[in-house]
Amino acid sequence: MESKQNHGSPKLFHTITFGCQMNLNDSERLAGQLRTIGYEITENMEQADIILINTCCVRESAEKKIYGKIGELKRLKLVNPNLIIGVVGCMAQKDKDKILKKFPHVNLVMGTHNTHQLVELIAKLEESREPVLAVWDQAQRLAPDVPTVRKGKISAWVPIMYGCNNFCTYCIVPYVRGRERSRPLEHIINEIQQLGQDGFKEITLLGQNVNSYGKDSEEQVDFADLLRAADQVDTIARIRYMTSHPRDMNDKVIETIKNSKRICEHFHLPVQAGSDAILEGMNRGYATRYYRQLVAKIRQAVPGASLTTDLIVGFPGETEDQFQETLEFLKTVRYDAAYTFIYSQRSGTPAARYPDQVPLPTKKARLNQLMTVQNEISLAINEQLVGKSMEVLVEGPSKNDDNTLMGRTRTNKIVLWPKKGQEQAGDLVHIQIDTAQTWVLKGRLI
Ligand code: SAM
Ligand code: SF4
């Protein structure tokens, strides 16, 4: 197949990414590979020679949106028959050839275990017009590292492991991302050092369950060892990580964070539910009593740390009383913020086969109640910060106003303030907090 632009101007690609940070980082690695064969990023889909849709299938709502998007792209294919359209990532892994059958305008379906093969798959496609399906059932022990083109200049994601072994009964991730594979410590530290040299100030270590880092590897290292090694990279100002599984968060990690310089005082510990019966049905591997003790330990070791969580409402069989237990749990643990989801039936997971699915209107009503309670708590916690001075990493102008700057505290709270002088993206500044809202703090540079 001939590219439409081979007269000196670069060939262009566009990525559309759905889902989590892991997917956003995967898209950066797709971009890195395409750059090695002369493709440049375009924000304008209409100009692209390649469009890649990086997909998510954690909830049905995401899947519906993505199928809609794939359908829409047919229009561009009619205008430019040489356009390569690729569907990659989690949904590609799950639905495989079904995607090619349903959408004949798609050229490439590439699963999560094949991401590193993009260059050879594009070469294959440029040679012939035949659709390419590259979906391995299993991952290689460790896929090779590939080049990355980062979206940001201040904060960067660093994957430390791929896959998940937990099989929470509601979750599709272990089926589409495979078993846990930890990257070698040396590769991770080299990547962080390079990021520091390139001027990045903040890194986020990524994995589905970062606390089980190293368990699958021959190296005698664990997550605390990795954190300690990362904390030595002195060109980086802040280290974050996600996601922690509460069951695997241990004293060694808490101690390491307490004694570190760069690891931020923010714990994201997805609890999912505040009822022991539901937690058992979810196969989370902990009960509320254990979780409360863990939170107490963290708060004692790292005073002032923020705590956030994920919660699912309407898990099969969730009674009104069990939902009330979750509300009560929220009121007593008092999270800084919670990401709340309606349970979504994922075919192939055990919970999808449970008989007592909760009706959608009940799930929606519970979500609303949960959000109302959490919003009040978030606001009350943020109001306690009014009058305080907080260290903020400047990210850049706010979305709506070039004269307002946006940054985050070490506790991961968003702060807005009027631009005063020379503050630049990447600077650490001190902001005096004047007002608090549920999701944002506002203040002034001091
Ligand atoms: N590995 C991480 C963990 O265990 O917390 C996060 C993975 S998952 C992509 C992110 C969040 O999506 C989960 O914490 C959970 O709250 C939510 N989630 C996963 N499967 C879901 C489902 N079937 N329905 C609704 N929410 C779901
Ligand atoms: Fe899904 Fe549970 Fe693994 Fe998180 S830990 S990715 S929720 S199976």
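Counting starts at 1 for both ligands and their atoms, following the listed order.
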Please confirm whether the backbone N or O of [Y] pairs with a side-chain atom of [X], one donor and one acceptor, at under 3.5 Å?
X    : Y    : value
R177 : Y175 : no
E40  : L12  : no
S212 : K215 : no

is_close_aromatic(Y162, H113), centroid dist under 6.0 Å =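 They do not qualify: ring centres at least 6.0 Å apart.
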Taking 4.0 angstrom as the limit, do [X] and [Y] come out as a salt bridge?
X    : Y    : result
E318 : K363 : no
D251 : K297 : yes
E63  : K69  : no

What protein N/O/S atoms sit under 2.8 Å from atom 2 (Fe) of ligand 2, by chain and number?
->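 Hits for atom 2 (Fe) of ligand 2 below 2.8 Å: C168 SG.
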Short N or O contacts of ligand 1 with protein, under 3.5 Å, listed by atom name?
{"residue": "ligand 1", "atom": "1 (N)", "partner": "Q208", "partner atom": "O", "Å": "2.7"}
{"residue": "ligand 1", "atom": "1 (N)", "partner": "Q208", "partner atom": "OE1", "Å": "3.0"}
{"residue": "ligand 1", "atom": "12 (O)", "partner": "R59", "partner atom": "NH1", "Å": "3.1"}
{"residue": "ligand 1", "atom": "14 (O)", "partner": "Q272", "partner atom": "NE2", "Å": "2.8"}
{"residue": "ligand 1", "atom": "14 (O)", "partner": "D310", "partner atom": "OD2", "Å": "2.6"}
{"residue": "ligand 1", "atom": "16 (O)", "partner": "Q272", "partner atom": "OE1", "Å": "2.7"}
{"residue": "ligand 1", "atom": "18 (N)", "partner": "R59", "partner atom": "NH1", "Å": "3.4"}
{"residue": "ligand 1", "atom": "23 (N)", "partner": "Y170", "partner atom": "O", "Å": "3.0"}
{"residue": "ligand 1", "atom": "23 (N)", "partner": "S344", "partner atom": "O", "Å": "2.9"}
{"residue": "ligand 1", "atom": "24 (N)", "partner": "S344", "partner atom": "N", "Å": "2.9"}
{"residue": "ligand 1", "atom": "26 (N)", "partner": "R59", "partner atom": "NH1", "Å": "3.2"}

Mutual orientation of the aromatic rings belonging to Y67 and F103 [parallel < 30°, tilted 30-60°, perpendicular > 60°] =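 Rings of Y67 and F103: parallel, under 30°.
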Which atom pair, heavy atoms only, marks the closest approach of V253 to L227?
-> CG1-CD1, 4.0 Å
